[in-house]
Structure formats: C-alpha cells, structure tokens
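Have a look at this one before I ask anything.
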Amino acid sequence: MSRIKRRQFLQFAGSTLATLGISQLEFHQKGDALGRVLAQSTPRKLALLVGINNYSDIPLQGCVTDVKLQEQLLIHRFGFNPTDIHVLTDEQASRQGILTAFEEHLIKQARPGDVVVFHFSGHGSQVKDPDCDSPPDCLNSTFVPIDSSPPDGLSSQGGTVQHIMGHTLFLLMYALQTENVTVVLDSCHSGGGTRGNFRIRSRQGGSQFQPADAEQAYQQQWLSRLNLSPDEFKRKRRQGIAKGVVIAATRPDQLAADATFDGFSAGAFTYLMTQYLWQQPGSASFARVMPDIARSTTRISSTEQEPLIEVEPGKNYDKSPVYFINKQTPPAEAVITKIQGNQADLWLGGLDPDSLAAFQAGAILSALDSQGREQGRVRLESRDGLEGKAVLLDAAPPGAFLQERSRSIPPNLSLKIGLDPSLGSEATDAKQALTAIARIEALPLQKQEVHYIFGRMTPAYRQQLQSNRATTLPEIGSLGLFSPGLELVPGSFGTANETVTAAISRLQAKLNSLLAARIVKTVLNTNSSRLNVVASMQLENRPQMIAESFTIRSGGFAQDTSTSPPTPPVPLDSRKIPLKTAVQIQVTNKETSDLYVSVLVIDPTGEISVVFPNQWVTADEITLVKAGQTLKIPDPNKDKFVLKTQEPKGVAEVLVLASRTPLRQALQSLRNIVATRPESPAGSRGGPVTLQENEAGQVIDDLLNDITVGTRGSARSSTSGRSITRQVETNQLAALSITFEVI
C-alpha cells in the first residue's frame with residue numbers, strides 16, 4: 001500500500017479501516033488455567049469489548065464470537081491481563097452500560113502511556129447531524145446499543161433513536177489520558193437485513209432519524225468536563241479523530257458481513273483480523289498489514305468489504321505497531337488454554353477459514369516454548385467452532401502456543417449449497433435433486449456455512465446487481481448459482497423457463513468442479529508450511545508485481561525478522577487486472593533440495609486449469625523445480641503460449657503446490673486427458689489444460705494422493721470412495737494462493 005487514506009472521522013461505523021500488526025508475549029513455562037502471561041508493570045493494557053447479537057428487530061449471530069476472538073487475541077498475543085479486559089454482551093450492552101463502562105474502565109483507569117482498546121461489534125446506523133459536519137447528507141454515524149429499539153410505527157418514517165453517536169465517541173476518546181488508543185468497529189451503516197447467507201450489521205438510518213435528548217445532554221456534560229466550547233468541539237472533530245487509531249470494518253458505502261464459518265458465526269472482518277494477527281512472526285505497523293487484511297475480507301465476505309484505517313491528525317500512528325504494543329511473539333494456529341491430566345483445551349483462533357475443515361480429529365500441532373522452539377506435541381481430538389479438545393503427546397504447559405505440524409483432510413468433504421427463498425415452493429424439489437448428487441448438501445440459509453447459493457434471478461436481485469455495476473445479467477426467472485453474498489457465479493444461469501430439476505442436472509458437472517476446488521483449497525498452508533517457496537504474479541515482460549505469496553515459517557518454528565528489511569507491500573489495486581492482459585507466474589524453490597510443483601488457476605466460474613505442468617513426456621522430472629531455481633510460466637525461452645486474462649470478469653485464484661514427493665498420479669491423469677485432445681498431442685509443450693467439469697474431481701483427487709503419499713505410504717482412495725483421511729505435513733508441502741480480479 002503506497003499510502004493511508006486520512007479523512008475525517010465523521011462516518012463512525014464506516015469511516016475507515018484497517019488493522020493489525022502484532023506483539024510479543026513471554027509465557028511462563030508453567031501457567032494457570034487461562035495461560036496468563038508474565039505480569040508487566042507498565043504500560044497497563046485496558047480493553048472494553050462490546051458484542052450484541054440479541055437485537056429485538058434484526059438479530060445478529062457473530063458479535064458475541066467477535067468479543068471472544070478479540071479477548072483471546074489480546075490475552076495470549078498481546079499480553080493483556082484478563083482482569084483488565086471488560087466484556088459487555090447482549091443485555092449488558094445497553095446505552096448506559098456501554099457509556100458507564102467506557103468511563104469507569106477506560107477513562108478513569110488509563111494513564112499516560114497506557115494502552116487502550118475499544119471494540120464494538122453490532123449494528124451501525126446514521127442520524128441527522130445538526131452541525132452538518134459531513135455535507136451534503138449532514139449525517140453522523142452511530143452504533144446501536146441493545147436497548148435502542150426502532151421508533152414506533154414504520155421505521156422508514158424516522159423518529160428519535162437511542163443510539164451512541166460518533167460525536168459522543170469522539171468526546172470519550174478525547175477524555176482518555178493516553179494517546180495509545182485503538183478503536184475497532186465491526187459494523188456499517190449501508191444495507192441492512194440479510195444478503196444471501198450473510199446478515200448485514202446495519203440498522204436503517206438517515207436524516208429522518210434524530211438522536212435522543214439524552215444523547216445531546218450527555219455530550220454537553222462532557223464538553224463542560226473537558227472545558228471544550230461547542231465551536232472548539234466542532235473544529236476538532238472536523239479535523240479528524242480524537243486520539244490514536246480508529247479501525248472500521250468497511251468503507252462507508254460497503255457492507256459489514258455477519259458471516260457463518262465451519263461451526264460458528266463471526267464478523268467477517270473481526271475473524272480475519274484476529275486470525276491474521278495470530279499468524280504474524282513479529283511486530284508490524286497498522287499501515288503495513290492493511291493490504292493483506294483488505295484482500296482477505298473482500299475474498300471471504302463476498303460483499304466488496306474493504307477495511308480502512310484513520311489516525312489522529314498530525315500524528316504518524318499508522319506507522320505504529322498494532323495496538324501500540326511493540327513486541328515479538330511466535331506465529332501460531334492455537335494456544336493451550338487449560339490442561340487436565342493428558343487432556344488439553346485449545347483456542348484455535350489462528351486457523352485460516354479455508355482450512356478449518358482439515359482440523360478435525362487427527363491433526364497434530366507442535367507446542368512451543370517462550371523462545372518459539374518445539375517442546376511437545378498435541379493431537380486434536382475434536383473441534384467445536386474455534387474451541388478444540390486435544391490429547392497431550394508430550395508435556396506442554398497452559399499458555400503454550402501451538403503451530404501446525406500436520407492436518408487431516410477428511411474423506412467426506414462436501415459442497416454446501418444454500419437454498420434461496422426465491423425458490424419458493426420449488427425448494428423441496430431442489431433439495432431432493434441436489435442431495436441426489438454425491439457429496440452435495442442442500443441447506444437453508446442463515447443457519448450455517450454454505451459455499452454457494454442456488455436460486456432464481458428476481459427483479460430485486462437484478463436491481464441490486466445493477467447497482468453494483470454488474471454486467472451481462474441473467475434473465476429474470478432463470479436459475480443458477482450465487483456466492484454466499486449474492487454475487488453471481490458466472491456461467492451458471494440458464495433460461496427463464498428452465499425447471500429446478502433441469503437446472504440442477506445442467507449444473508451437476510459444475511458442482512463437482514466446485515467441490516474439487518473446495519477440496520484442494522483445504523491444503524493451503526502459506527502460514528504454516530516449513531518449505532521455503534515464493535510464488536508471484538507479474539505483468540509479462542514488465543517488472544510490475546501484481547501479487548506475491550511466500551511461506552513465512554520456512555526458517556523454522558521461531559523466525560527472527562529483526563534483521564530483515566521489510567519488503568514494500570504490493571498495492572491492493574495492483575490485483576485488478578484488465579482483460580487481455582498478459583501475465584507471468586513465477587515459483588522460486590528456495591530449499592536446498594528439489595521440489596515437485598503444480599500450478600492451478602481457478603477462474604470466477606469455478607473452472608480449473610492446470611498451467612503447470614504443461615508438457616506431456618513420461619518423466620516425472622517435468623514437474624521438478626531444482627533447488628534455487630525459479631520456474632517461469634510461461635517461460636519465454638521454452639514456451640510458445642501466452643497467459644492472458646480473459647472472460648469472465650471477477651475474482652480468480654492461482655494455487656501453487658510444491659511437494660517433496662513426485663506428482664505421478666496427477667501427471668498420469670493429465671496425460672490421459674491431453675491424449676484425448678487433438679489440439680494438444682502427447683509430448684508437446686502445448687500450454688495450460690483447462691479441465692472439463694467432469695475431469696476436475698479425478699485430477700484433484702490424484703493430486704492430493706500424490707502430495708500425501710510422503711506421509712502415508714498407502715494413502716490411496718478412489719474418486720467414488722475417498723475413504724482415507726489424508727495427512728498433510730508442513731515439512732512435505734507448501735500450498736500457496738494468489739488472488740486477482742479480472743476487470
């Protein structure tokens with residue numbers, strides 16, 4: 001990211017956002033049941049965490065989980081004493097409860113130099129601002145307490161609301177005696193209600209809504225206590241935020257998603273932010289980690305959700321370490337929170353959303369000492385959301401960080417398809433037709449994680465897509481697939497007169513291809529792999545970098561980054577690539593031994609192409625990348641093809657798999673496919689191979705068998721059965737991902 005956008009903090013829940021860096025904790029070799037860290041005399045670290053699910057009008061599902069995510073992160077990664085973290089959830093989070101807690105826990109206790117964190121997850125909104133700080137709409141953003149019911153009558157008619165205004169938050173922040181303040185707001189004021197499988201963290205607002213008299217009176221009390229005149233107050237807030245850093249989950253015109261994951265609900269932003277921070281090997285500034293968080297939220301939430309950051313005017317706090325805590329701590333997938341006998345409770349806050357399904361019974365994690373060295377192992381027995389039960393294979397204390405050693409890819413991974421309300425009475429027929437396809441589940445929306453949504457194009461959906469500047473829209477009445485956030489899956493819609501059963505029959509091959517893509521993504525391990533591999537994508541014949549991905553733990557369990565100069569982050573907008581743009585993919589093997597490499601591309605429709613290997617002789621060596629060598633695709637000295645971005649537009653993904661074991665089965669499958677295509681005769685270097693939808697499953701199945709054979713010599717399973725759980729070890733495989741958007 002070349003620079004941080006600095007703009008007035010008048011738009012509270014959508015004012016700007018962004019993120020995280022990290023810290024260090026020095027853990028005791030022995031600790032109490034909560035894994036408390038070594039006591040620190042100064043600075044004191046105080047946090048107020050608020051999460052509200054049980055709204056009377058539009059309930060949410062993931063806000064209380066957000067509080068747990070943030071609390072565990074602050075305790076175990078940033079050294080907060082649990083007694084210095086005050087939590088308000090649901091009925092506790094009334095307007096008065098929030099304001100009183102901010103005063104008593106933060107303002108009255110914080111001293112100069114202390115660290116203060118305020119986190120809010122819940123609904124945001126907007127009310128009329130009599131001072132019109134933000135023309136032309138003259139609105140001030142708010143967050144909504146549990147006891148702020150909508151006005152009587154139709155909500156569109158407006159009225160007085162018991163919200164907490166952005167102006168009020170400014171005064172509360174201004175009253176703090178420390179500058180080391182971080183405010184995190186996982187809410188928005190756009191949209192509202194539901195969108196696909198997401199709930200949107202927004203309640204209707206606008207100029208027809210006015211703040212309550214009590215809110216105005218409360219601001220006047222603080223002006224008097226702070227000796228601020230109304231004019232001075234207005235001038236200061238129009239300059240920017242009051243103290244430190246404010247992080248918001250999304251831009252003002254975007255949606256903050258309350259999302260479902262594998263076994264739990266959470267804010268898309270809060271989960272990805274905290275998960276990212278668990279994975280950092282060293283301190284990083286707010287500005288440095290911004291592009292990574294923004295890319296993740298956009299990819300996961302499917303609502304173009306881009307977090308942003310705003311800092312106090314005239315200060316360089318965007319260059320400060322996240323939460324203003326400058327320490328070093330080993331990256332981790334989990335932490336031991338409790339031990340009883342040889343049983344351990346785990347918090348798994350560092351797991352990536354794509355790989356959650358691979359952390360069930362059988363996954364092995366290594367316990368680290370305070371220096372990041374392996375001191376023991378635990379075996380996961382079960383997982384409920386982000387809470388795990390494990391068996392100690394070696395001695396390890398409470399509070400010990402855990403890093404992945406091997407994951408277990410279950411044999412029964414399925415593709416979960418949500419049934420959209422637009423199906424109406426046809427939902428029963430759709431469920432029967434979908435569940436008749438092996439390893440396809442049909443589920444109601446808003447209950448659990450779904451990977452895609454099957455539904456009908458309605459006038460309302462078409463209007464919504466047009467407002468998002470989507471082009472080439474399907475006919476009204478046609479059936480097809482949406483993302484969880486109701487974005488179109490290109491190429492999946494039929495004609496308006498198609499029946500549900502006919503549409504699902506037409507989509508069966510595509511569903512199998514999407515299942516294959518989901519399965520292969522469960523091996524992604526950029527954060528945890530021990531192999532030293534770097535993947536990048538750039539414009540062909542030009543040095544302009546589009547994106548880069550690399551394994552951060554290739555140096556061992558403890559990675560010292562203090563002597564390595566930081567690489568400038570790639571700008572977020574660089575991943576937006578126009579049609580017909582020629583690109584080159586590069587994979588560098590930085591190991592001292594050779595690796596076997598495969599490179600796949602998944603386009604916005606879910607179609608899978610194999611871009612390497614791209615020649616079909618019989619030797620396994622065609623997939624071999626020697627130690628220290630950089631593979632270029634295409635290689636101008638060898639290849640006659642060009643990789644160009646093409647239709648359909650949308651987000652695509654490059655998957656790079658580097659393994660210590662040969663890719664024999666997958667290579668043979670590809671040879672068999674190529675042999676049937678006259679345009680790519682066997683033995684030629686004919687370029688990438690696009691897998692037909694009925695071919696993808698077998699190739700991916702064989703590829704996973706290849707990369708797990710080093711761990712399980714007998715790991716073989718048929719496409720139909722897949723009865724063997726595959727173990728994937730971090731020292732045997734590097735699986736990296738690069739996402740980009742074709743525009």
Does any non-hydrogen side-chain atom of Q584 lie less than 4.5 Å from one of P636?
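Answer yes - side chains close enough.
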Assess the side chains of N512 and Q508: does a donor N or O sit below 3.5 Å from an acceptor N or O?
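Note: N512 and Q508 side chains miss the donor-acceptor criterion.
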Could you tell me if E441 and S414 have a donor-acceptor pair between their side chains, going purely by distance under 3.5 Å?
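Short answer, yes.
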Please determine whether a side-chain nitrogen of the Lys or Arg among D262 and R383 lies less than 4.0 Å from a carboxylate oxygen of the Asp or Glu.
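Answer for the salt bridge query: yes.
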Any cation-pi pair here, R518 with Y452, using under 6.0 Å and within 45°?
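Relative to the ring axis of Y452, which defines the angle, R518 lies outside at least one limit.
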Heavy-atom closest contact (T551 atom, L531 atom, distance)
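Reported closest heavy-atom pair: OG1-O, 2.5 Å.
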T630 side chain reached by Q586 side chain, heavy atoms, under 4.5 Å:
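A side-chain contact under 4.5 Å exists here.
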Closest non-hydrogen atom pair, V599 against I633
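Looking at all heavy atoms of both residues, the shortest contact is CG2-CD1, 3.7 Å.
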Could you check whether R407 and N525, counting side-chain N and O atoms only, form a donor-acceptor pair closer than 3.5 Å?
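Absent: no donor and acceptor within the cut-off.
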Flag the pair E647 and K649 as a salt bridge only when some basic side-chain nitrogen lies within less than 4.0 angstrom of an acidic carboxylate oxygen.
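No, no charged N to carboxylate O under 4.0 Å.
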Do you see a donor-acceptor pair shorter than 3.5 Å between the side chains of E653 and S737?
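Distance-only check passes for E653 and S737.
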Any ion pair linking R377 and D394 (charged N to carboxylate O, less than 4.0 Å)?
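Yes.
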Just by distance, no angles: are the side chains of R553 and Q279 close enough, under 3.5 Å, to form a donor-acceptor pair?
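The answer is yes; a qualifying pair exists.
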Knowing that exactly one of E591, Q403, E404 qualifies, which makes a side chain to side chain donor-acceptor pair (under 3.5 Å) with R530?
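Result: among E591, Q403, E404, Q403 is the only option passing the side chain to side chain donor-acceptor pair (under 3.5 Å) with R530.
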